[in-house]
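To keep things clear, I will list the structure first and then write my remarks on it.
Naming convention: chains lettered A, B, ... in sequence-line order (proteins, then strands); numbering from 1 in each chain.
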Amino acid sequence: MGKSSDRKRKVNLDSSSSITNTTADNNDTNDDGSSLAKKHQATLSARQSSSINPWTGRSYSSRYHSILQTRLQLPVYQFQSQLLEAVASNQIVVVEGETGSGKTTQIPQFLVEVGYALPGKTIVGCTQPRRVAATSIAARVAEEMDVTLGKTVGYTIRFEDVSDSESTVLKFLTDGMLLREAMNDPLLSKYSVIVLDEAHERTLATDVLMGLLMEVLPKRKKGSKFGELKVVVMSATLDAEKFQSYFHGAPLLKVPGRTFPVEIFYTAEPERNYVEAAVRTAIQIHKCEGPGDILVFLTGEQEIEQACEEIRLGAQDMGKDAPELVVYPLYSSLPPAQQKKIFTPAPGPRVVGGPPGRKVVVSTNIAETSLTIDGIVYVIDPGFSKQKVYNPRIRVESLLVSPISRASARQRSGRAGRTRPGKCFRLYTEQSFYNDLQETTYPEILRSKMANVVLTLKKLGIDDLVHFDFMDPPAPETLMRALELLNYLGALDDEGDMTDLGRQMAELPLDPQLSKMLICSPDFNCSEEIVNIVAAMSVPQIFMRPRESAKAADEAKAQFADATSDHITLLNAYAAYEEVPIEERKQWCWDNFINDRSIASAQNVKKQLRNIMTRLDIPLVTCRGSNGKYDTNTIRMALTNAMYMQVAYLQRQGSYLTVKDNQIVYLHPSSVIDGKPQWVLFEEFALTSKNYIRTVTTTRGEWLVDMAPHYFDLDNFPECEAKDELILEYKKKLRRG
DNA sequence: GAGCACTGC
């Protein structure tokens, strides 16, 4: 885009509105922060007294003015000029804002109002960890600015881009989406300001973005090719200082929130059974405390359903005269209709003038950040949640019930004070709170496999991973494992440089093994089948198995079963679903114990993958014969080709031993695999009552020897039939030359 | 013979 067209746009903008561009140009090199801020202030005053909306050129609606009145009450308004001054004179500013401060909706607006964005040229971007947040905040802000969603204000999430390159000046997007954009535009050239919201959550994407910004900011100083890039990092209280020091002493602005005090109670003694204690406490509150709803935090579906049942029974025991108590479970795999029930108001009194009823929500961590329930006055916090842990030694990611952090505990108790003063009952001792709990939850980057992150960073042009400035650097062993895997997959060469295959893999929104599987699948003549398998594996569990109808569910699944492969079973179910007419699909899913939300999102993923495949020139070919049957051998070969490092072999005792790590594992009972094959490859470990491997496909020694001769170290193999078979295959291979 | 916390591309 030439300079003259830029100038023209600017002129157009200026003539149709009162927006002036004091900083976005980066031409005002003589200005210091405070004079810029004064200009901003003048601009804002002009704006606020105007009756014409500069973004639309139309008069403001009456709704705009009424919303403006409430906006002006938000605590963040007191800090508007301070913030703008800090942003004007610094590249990075850290904002610490409590809930209710209004920072998320207002700060991005302050920035566009003073001209940081130029329509069609630069925009202000604001990241969110979750899609719902990105879409709902964008909608709210569009309403506040009295503009059309998708024009002046927009959002971008996976599968959905509601923004416009010509007119959008403020865009909300998920942190993962911004990372994707960075892969094609490493200097983030279309952004003039990036607001990283909810940075304290420390999602994988936020952490990578922060490290990336540390590299990008020196290249986006004033006067650089794409102009100056500003960054506003927004965090909840407590760890803002950590962000400040990470960003080399960037100014820190503290914005107070607006919440009510919450009284904290601890138990005198540690509780042995936290579910039972939580149930007891809920009943106790119902008996003894004033009106107000209760929120109970537990760790998983089963625990929650059990606790709900016990609380209902406890309430029944109180008799018909006690006020009514309604109990709702809440976890993510619950159908949306049932999730919405938590918002139904608590029941009224049983008799006119009597004490009102009460609502109890028993929830996973979803209620800690993702969902806010109004009217909660009491919180019960047993102090646990399920957390992902990664063990690089055995290369296993698993879910473990673990103690929460003090930051989480404070977040949970805060849920009691959103509408009025509340109480929080922590089912552990005060001593335990201070001595046993960690201050903050380990960031996700320290609990995850790094293969995908490493691939992303390489694609972003960052070669020196060892010196990449992570806020919390992952363990060297975790990085080593990632580099090793990517080398095995052929994404990185022996020097650690990205290969053409690696570049293609980075384009796909998948784990590296799955990317490789998809890219190489045409070699096995089955990319149509592999894209279905990969899509079905990228979504939550498709086969449902409710405890009360386990047998029927197993029978339904058996119709799709392929005795050699859980992966192909998944493929059969998915392919059957696609054959069903759209209007009958919901019923079909119900009849066949298929999770309809899940399989529908698999279809979305597939659509996206096929678009990328077209772009990368990966042909779509099928191994389906004229009889409609798959050549399952070639599918299993395609699986083996990408997953030979996740292989286990049968031992005499009937258990399996993983190659390289020598872990004893067992076939998961949900597997449809027939008998005990010699060689299996597996998708995941499930560390529960035993070390299970889940989603398993039988493979063959000869394929492994063909596809991954370098991977198998026969000298260190225990004596077993699998080894004998492998040796035989090697000999055959030698003879073949 | 069993259990998927929560996100995201």
- On the 0 to 90° scale, with breaks at 30° and 60°, tag the A:Phe560-A:Phe543 ring pair as parallel, tilted or perpendicular.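 Tilted.
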- Query: Relative to each other, are the rings of A:Phe468 and A:Phe470 parallel, tilted or perpendicular (30° and 60° limits)?
  - Reply: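 Ring orientation of A:Phe468 relative to A:Phe470: perpendicular.
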- A:Thr698 side chain vs A:Thr564 backbone, donor-acceptor pair below 3.5 Å: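 Here the side-chain-to-backbone pair exists.
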Any base atoms under 4.0 Å from [X], or only sugar-phosphate, or nothing? Heavy atoms, all strands.
{"X": "A:Thr203", "answer": "nothing"}
{"X": "A:Ser385", "answer": "nothing"}
{"X": "A:Leu508", "answer": "nothing"}
{"X": "A:Glu201", "answer": "nothing"}
{"X": "A:Asp554", "answer": "base"}
{"X": "A:Pro540", "answer": "nothing"}
{"X": "A:Arg447", "answer": "nothing"}
{"X": "A:Lys690", "answer": "nothing"}
{"X": "A:Arg130", "answer": "sugar-phosphate"}

- Would you say the side-chain atoms of A:Lys557 and A:Thr569 include a donor-acceptor pair closer than 3.5 Å?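 A:Lys557 vs A:Thr569: no donor-acceptor pair found between side chains.
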- Task: Could you verify whether a donor N or O on one side chain and an acceptor N or O on the other, from A:Thr372 and A:Arg415, lie under 3.5 Å apart?
- Result: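 A pair is found: one side chain offers a donor N or O, the other an acceptor, under 3.5 Å apart.
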- Task: On DNA chain B, reading 5' to 3', which nucleotide is the first and which the last to sit with an atom under 4.0 Å from a heavy atom of chain A, could you check?
- Result: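 Endpoints of the contacted stretch of DNA chain B: B:dG1 to B:dC9.
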- Item | Cationic N near anionic O, under 4.0 Å, A:Glu439 to A:Lys242 |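 Between A:Lys242 and A:Glu439 there is no salt bridge, as every charged N stays at least 4.0 Å from the carboxylate O atoms.
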